[in-house]
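As structure tokens, the structure follows; a few thoughts come after it.
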Amino acid sequence: MPDSAENVAAPLIEVRGVTVRYDIARTGTSLMAVEGVNLDIAEGEFVTVLGPSGCGKTTVMNVIAGLVQPTEGTVTVDGRIVTGPGPDRAVVFQDYALLPWRSVFDNVRFGLEMQSTLNSGDWRERVQNAIELVGLAGFEQSYPRELSGGMQQRVGLARAIVAEPRILLMDEPLGAVDALTREVMRDEIEKLITATGKTVIFITHSIEEAILLGDRIVVFKSHPGAVLEEITVDLPRPRSERGAQSDPRYLELRDHLWDVLQNEATAASRGGQGS
Amino acid sequence: MPDSAENVAAPLIEVRGVTVRYDIARTGTSLMAVEGVNLDIAEGEFVTVLGPSGCGKTTVMNVIAGLVQPTEGTVTVDGRIVTGPGPDRAVVFQDYALLPWRSVFDNVRFGLEMQSTLNSGDWRERVQNAIELVGLAGFEQSYPRELSGGMQQRVGLARAIVAEPRILLMDEPLGAVDALTREVMRDEIEKLITATGKTVIFITHSIEEAILLGDRIVVFKSHPGAVLEEITVDLPRPRSERGAQSDPRYLELRDHLWDVLQNEATAASRGGQGS
Amino acid sequence: MTATMPLKIVRPSRSARRGSGEGRWRLLLAGVVLAILLLWEAAVSWLQLVPAVFLPPPTAVAASFLELIVRPDFWSAFGYSLGNLAIGVVLAVVIGVVVGLAVGWFPVLRFTVAPFLWLLYSTPKVALAPLIILILGLGAASQIALVLLLAVFPIMLNTMEGALTVNRSLVNAGRVFGANGIALGVKVLIPGTLPFSLVGIQRGAALGFTGQVLGEFLGGAGGLGHLLERAAFDFQMDDAIAMVIVMVIIANLTLTVIGLLRKRFAPWHDDRATVKAG
Amino acid sequence: DPGTEEPAGGVTFPEGEIGPAEDADITVAIPFPDITMYSMYEVATAKGWYEEEGLTVEVITADNVAAAVSSGSADIGVDSAGTVIEAIRGGVEAELLSGHYCRQNFDFAVQPDITSVEQLDGTAVVLAGQAGDPAEFQRALALKEAGWDLSTVNVEIVYPGPDSATWREFFVNDRVSLIPFYGDDRPALEEYGANIVVESLQNWANDFHMAGSAWLQENPNSAVRFLRATMKAVDFMVAPSAGEVPTNKDEVLDIFEAADFDVADLRVQDNPWVLDGHLACPNLYVDEEAWQITIDTQSLQPLDFDENVDLGYLLKAQELLGIDNEGPSEIAYP
Amino acid sequence: MSSLFAAPTGLRAQRGVAGFIAGLSPRGRALLIAVEVVLLLLLWQFLVGTLGLVNAVFFPPPLDVAQGFAELVQQGTLAQNAAVSVQSWLTGFAIAVAIGVPLGLLMGSSVPVDRVFGPIAWTLYAAPAVAYQPLTKAWFGFGTGPVIFLIVISAIFPIMLNLAAGIRTTSPSLIRAARVYGGSRMDVYRKILLPAAVPYLFAGLRQGAVLATIGMVVAELTGSSVGMGAVIIRSANTYNTDQSFAAIMLIVLWSVSMTQLVGLVERWLAPWNRRKGAAS
Ligand SMILES: Nc1ncnc2c1ncn2[C@@H]1O[C@H](COP(=O)(O)OP(=O)(O)OP(=O)(O)O)[C@@H](O)[C@H]1O
Ligand SMILES: Nc1ncnc2c1ncn2[C@@H]1O[C@H](COP(=O)(O)OP(=O)(O)OP(=O)(O)O)[C@@H](O)[C@H]1O
Ligand SMILES: [Mg+2]
Ligand SMILES: [Mg+2]
């Protein structure tokens, strides 16, 4: 039980011994997706998550979001155990999860709709701002199936941002976005986050992105998924891609991450051959 | 009409004045996705395609695959006008397009099954090899919904590779794949392609990937989609990411592409303000 | 700064597209229907494969139909039946959708209630007829009850199947953005289930009409079912088939109305997408 | 003297008197619309006899007449005698009011080439419109007595539907080999060349009237008035005597036609049985014998007449018309 | 575990009664339903048999129905008529599937067929079954012919129209994939459209099974002298409602068993299908 007097010092999100096993009905067996994950995230921190595909990043994020019940362990947010989703946590989904029956505008509005914010006068403006932020002005009335993959992903991003939650959980939010838009949006996200002091968990496949955005990088290993390493990024902000690439600290970090992932891959494949 | 005597010199794929308009039934209007695209691709060439999201890359690829009928213009492959898909062209889809009712193994087998290859004895081995190539050994019996996003994408890749087509059309095949696997697979693809002399069109969001893989880079602009620039990549192969980054020619190319894309974006947004 | 600009929108000439698409099928449909009628006429009147008393030829049916629709008592019967049908179907839609969603959505209900829904659906309604008469008497109330009873299950069970297959990602998204309970139902489940429900509603409306006719067969006076019953008792098959045609017209009108409603309220639902791609 | 007879049950009316007309609405439930069996209400209405009694009578069809009466949807119901007895036994809160028929014709036609029961072997025959119709047993019995014992041959008994018009159509299209028929079927059968092998009349309570107990309690006057007017109508339709063409034929047919019945076939006939009215007893006769015959011929469980039937209303109505509750003395086919 | 939320997602299904039921094994669930049935029967017996809420002639209580059932068995009526009905049902349903599935496939995948045949199919479906009765008797006589015909007519449309709807909603990406990998029209049907439409097809089969049963009863109620429908009408007309209810309950039981069987076949044929509800 967290003591309220100590709350200030306690991390905002505490992941404690989280294990998730998926039942495979087909075979009657179960698959250990992640095992014993521990993670502390302080208020206002921007944590990026890296790891091989299938290692359980999405799973852990779903647990924090309250969408997946861990087989073992708990997640607490602000001292309260997570038992389901809450308005303090918004999610950008890896598979977009847009409502096909709503236009872009209405999909983004969905992020606000359930909060009483719709009554306050300026919601239209907020929705419009979020759409512009992700570069979709002009597509407000389009339906998701009329958009390209990258455009759909940006709608999902706008929906999460517009809700102005305390915690933003982003699952590869820029995965399908082109390089340029990606850079632009990365900068926008960084600005937005630093300006509003939000807490962010950001899953990415790109080592560069992990370094450029994160205050801290959490590296996952797979089979079963678990935290392999945590690295604090001590680069000054704002960080630009081209600027960073001449920074020896950046290069050092990047090489280190490459090595970590590569070693893990070798270890895994060596370990895997036995079983 | 291409003269058969000249066939040797003629490009394998000729895209001539391709325009695609999508009817939007909802509003009764139509959207000009790409307009007047011309493109020549020689046999054995590896062409990477870059461009802002929503600019029509997938659309053009679908036209070449024979899945979308252009509103105007034609595509010829090997001198014959494309009227539909053919066994000479395999596609890796941006949205995976895996059959949910088939296991990984059977999904990959699907790439062979429609050709009479299944009768030749070694198909099992070929399917297995493809699965191993994309790093999914051990998941042969899993169903798509039991896989993470990156894993699903790799199944789609294996399905295309196993068919051993003359032309490989890949729509962001590494989009959801993590950095390390991505590097590994990029190398594998490069090796595979150079060894077999396949012709490849490879859509990507990553400027680095476009440079590292392509013999030539085609840059698209949007609204409407059209070819903005074509750049021949004169770096020696094999190219490794870390090696390339110290190559001044690589850095030059990268910076150039950034500028092209950025200029185009500025031009587009300026042009857009008027109307 | 964004990479966006207004779209280049082209408005194609509507009539041109209509002419080549929908219009052609409508023409073909008319042709096929005409061919069927011709075959029917030939089989009965010319080849005499079937005695005309059992299957009167289209010409005889058409004559009866024309006679029928100029009778004033037909129109009062028509209004009476249609009124009951409308009330019954609306009730069925409301109950069917709400119960179907609830049962499809909550595993507890699915395991405890759904088997009984199938059971009730399977029960020949003739068994319940005396019970309905005892409780509601002969007349509009019991007819509406039968319409409801026949129409509600296809709607309910289709909605249930739909609710079971709603994309889980969307449900997750809904929950993350605070939709729970009723809001989740209204904003995610209902729209996601709508295509299924609509199939059920179409079917329910058609069955509801049978319910109205059955209700009128049960007893009472007035209504299209009575006209049909009368014609059937006298073995006036041409009159009877003319009545059935009236019912079929009504059922098809209902289908059309539902189709229009769907276009109006579910523009995202493009049932031709696949056909186009294939 | 009819006045001396003590009415069964508890209802008594002052000698020779009933209350004033009460301006009542009565709903009569019949199983299906039919000229032969359920048309006297139309006649009484058309002739204004119900109006004279202060009654407005509406006739409705009911799939389950007992349920219609039991639920109060109908005040009076008409159904097969056996069905009414079973309903009363089952506890339907209704009382037997009067009977409808005192004679029943048992007429059968077979396909032209058939002359003996053996030739029916392997064919389909109709005995009743619906499975479970009590008439089926009675008709089989009548056939047996006439030398057409169906139990000696292998026939398929089928049920085309309640109305004899349907049976006739199946017959003339050679889908069935034997049917019972009524007067209005005769011309078509003769034209087809059917072999009419059995024609007989039997003393038999065909249909009974029943009334909801609660309604009867509250409206004894209307019940008597209803019976009186209905009896007038039956009398109007009945032939003067056996073998004679009903004198009111045309007027009755006009009434039927106005009630939406198809009477074209009947118009052209001048047979004595054209209205089948000679089958009905104008006094709506019911007594213990009719009750017992029904139970016996349909092999029902015995049920006590006195405990279950109150003929007070019928007797009163008969008394007012000056007739007796007696069945027909002679049973002769015209 | 709920099927809707793959194993660990079922946060909400974990609490209280819901959690308890969701956690039950298939056998436990069957037991639960059995308990429910018994409770329902007790309630019915109490309301009708003891309180006399409605007249038992029209709605006999369960004990009377059981009595009626015993009578049917003793008389041998049941075995004889049930056999006839089951045979008609199986024949009719098999025909409906054999015709409905190919037609549904065609309707779902071909615009001309859908546009031309669709309205006709809906129209035939909308026509009340009573309309067919005289016709079927004229055509097929009075035996099982009209019964089978009405079963086919009742079952074929839900199968066909559901399948067509399923095919129309198949993800276009999958069809594209098949075409790219050289799938012929036949391959697209067999390997994409049919499997993708399986949930819809089985939904249609379930409804078809129910409607076939109802169609069978309706057909047997008139015309035929054998079959469960004839048993119902005969006993109802002689006020042996206990017997007629016993027959009705058997028919309901048959119908429910058939829908369950369809569900079993679905689970066996389509293991990838996520839905595992006891209901389906
Ligand atoms: N619903 C499910 N049923 C069974 N197994 C599952 C399910 N969802 C995920 N898995 C398995 O759990 C493991 C972790 O999956 P998860 O989606 O969390 O990975 P990830 O790290 O997000 O991967 P990626 O980067 O490719 O998205 C994988 O092995 C996957 O196969
Ligand atoms: N089925 C469709 N109906 C209507 N418009 C469409 C459809 N498919 C694509 N579009 C539109 O066509 C344009 C080009 O889409 P396309 O998918 O080819 O882009 P893309 O370059 O592949 O984008 P991304 O990189 O984000 O995948 C977009 O503006 C999109 O909105
Ligand atoms: Mg993931
Ligand atoms: Mg694309």
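Every chain is numbered from 1 and lettered A, B, ... according to where its sequence line falls, protein lines coming before strand lines.
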Counting heavy-atom pairs under 4.5 Å with chain C, the top scorer among D:Val172, D:Val65, D:Thr166 is D:Thr166

One option among D:Pro31, D:Gly72, D:Ala67, D:Gly129 has the most heavy-atom pairs under 4.5 Å with chain C, and it is D:Ala67

Scanning both residues in full, the closest heavy-atom pair of C:Leu138 with D:Thr61 reads CD1-O, 4.5 Å

D:Ser73 and C:Gly137 have their tightest heavy-atom pair at OG-CA, 2.9 Å

**Message:** Please check if the number of heavy atoms outside D:Glu251 that lie under 6.0 Å from its CD is greater than 12.
**Reply:** yes

Just wondering, more than 12 heavy atoms not from D:Asp113 lying within 6.0 Å of its CG? yes

